[in-house]
Amino acid sequence: MPKPSPSSPPFSERVIAAVRSIPEGCVATYGEVAAVCGSPRAARGVGAVLSGRMEADLPWWRVVNRSGALTIPSHLGLRSLQRTLLEKEDVGFDVDGRVDLSRHRWTTGADEVD
DNA sequence: GCATTGACTCTAG
DNA sequence: CCTAGAGCCAATG
């Protein structure tokens with residue numbers, strides 16, 4: 001009988017690995033990270049994981065929503081922190097406070113056009 | 001183990 | 001292009 005798949009790490013770990021794989025000066029969307037995790041519809045799950053692993057060595061600030069906007073709770077001051085960190089990473093912001101996804105959109109290289 | 005919440009995304013207007 | 005509503009997934013109590 002098939003063993004309980006020992007090579008199936010939890011989603012959390014996969015999200016951590018995906019986010020950690022994001023190079024400096026680049027940003028990825030929750031849906032992109034979720035897709036790499038195996039669930040393209042688990043965009044919310046990614047946020048849930050990040051909120052619980054933010055204390056780890058995880059560049060959570062490189063993760064933005066599909067519009068490139070920072071959907072992080074501002075009451076914790078994290079929104080300003082993320083924007084500051086991204087600006088320090090050489091990431092540009094739009095006048096609306098959104099990241100230039102056309103310029104910093106990170107991809108896994110699995111489905112790269114061009 | 002069920003119910004609620006939340007750093008999302010999609011479709012429709 | 002922006003707003004509104006519904007759906008999906010995972011974490012937490």
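Since this is a predicted model, take the numbers as computed values, not measurements. Chain identifiers are assigned alphabetically (A, B, ...) following the order of the sequence lines, protein sequences preceding nucleic acid strands; residue numbering begins at 1 within each chain.
The CZ atom of A:Arg62 sits 17 Å away from the C1' atom of B:dA7 (whole-angstrom rounding). Rounded to whole Å, atom C1' of B:dA7 lies 8 Å from atom CD of A:Gln82. Atom OH in A:Tyr30 sits about 15 Å away from atom P in B:dG6, given to the nearest Å. Spacing between atom CZ of A:Arg41 and atom C1' of C:dG7 amounts to 10 Å, rounded to whole angstrom units. Between the CD1 atom of A:Ile16 and the P atom of B:dA7 there is a distance of 17 Å, given to the nearest Å. Counting to the nearest Å, the P atom of C:dC8 and the CG atom of A:Asn65 are 20 Å from each other. If you take CG of A:Leu70 and P of B:dG6, they are 19 Å apart, rounded to a whole angstrom.
The CZ atom of A:Arg44 lies 15.0 Å from the OG atom of A:Ser39; values are rounded to the nearest 0.5 Å. In this structure, CD1 in A:Ile72 is found 5.0 Å from CE in A:Met54, a value given to the nearest 0.5 Å.
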Protein-nucleic acid N or O pairs under 3.5 Å, nucleotides 10-13 of chain C:
{"residue": "C:dA11", "atom": "OP1", "partner": "A:Ser12", "partner atom": "OG", "Å": "2.5"}

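Contact check of residues 91-104 of chain A against DNA chain B (heavy atom, cut-off under 4.0 Å) returns no residues at all.
Shown here is A:Arg79, whose CZ atom has no more than 12 heavy atoms of other residues, nucleotides or ligands within 6.0 Å. Heavy-atom neighbours of A:Asp90 CG from other residues, nucleotides or ligands within 6.0 Å: at or below the threshold of 12.
Grouping Ile, Leu, Val, Met, Phe, Trp and Tyr by side-chain contacts under 4.5 Å, direct or through others, puts A:Val46 with A:Val15, A:Ile16, A:Val19, A:Ile22, A:Tyr30, A:Val33, A:Val49, A:Leu50, A:Leu58, A:Val63, A:Trp106.
Inter-residue side-chain proximity for A:Arg66 and A:Leu101 is flagged as unmet; no heavy-atom pair is nearer than 4.5 Å.
At least one donor-acceptor pair closer than 3.5 Å links the side chain of A:Asn65 to the backbone N or O of A:Ser67.
A:Ala34 and A:Ala43 get closest at one heavy-atom pair: CB-N, 3.7 Å.
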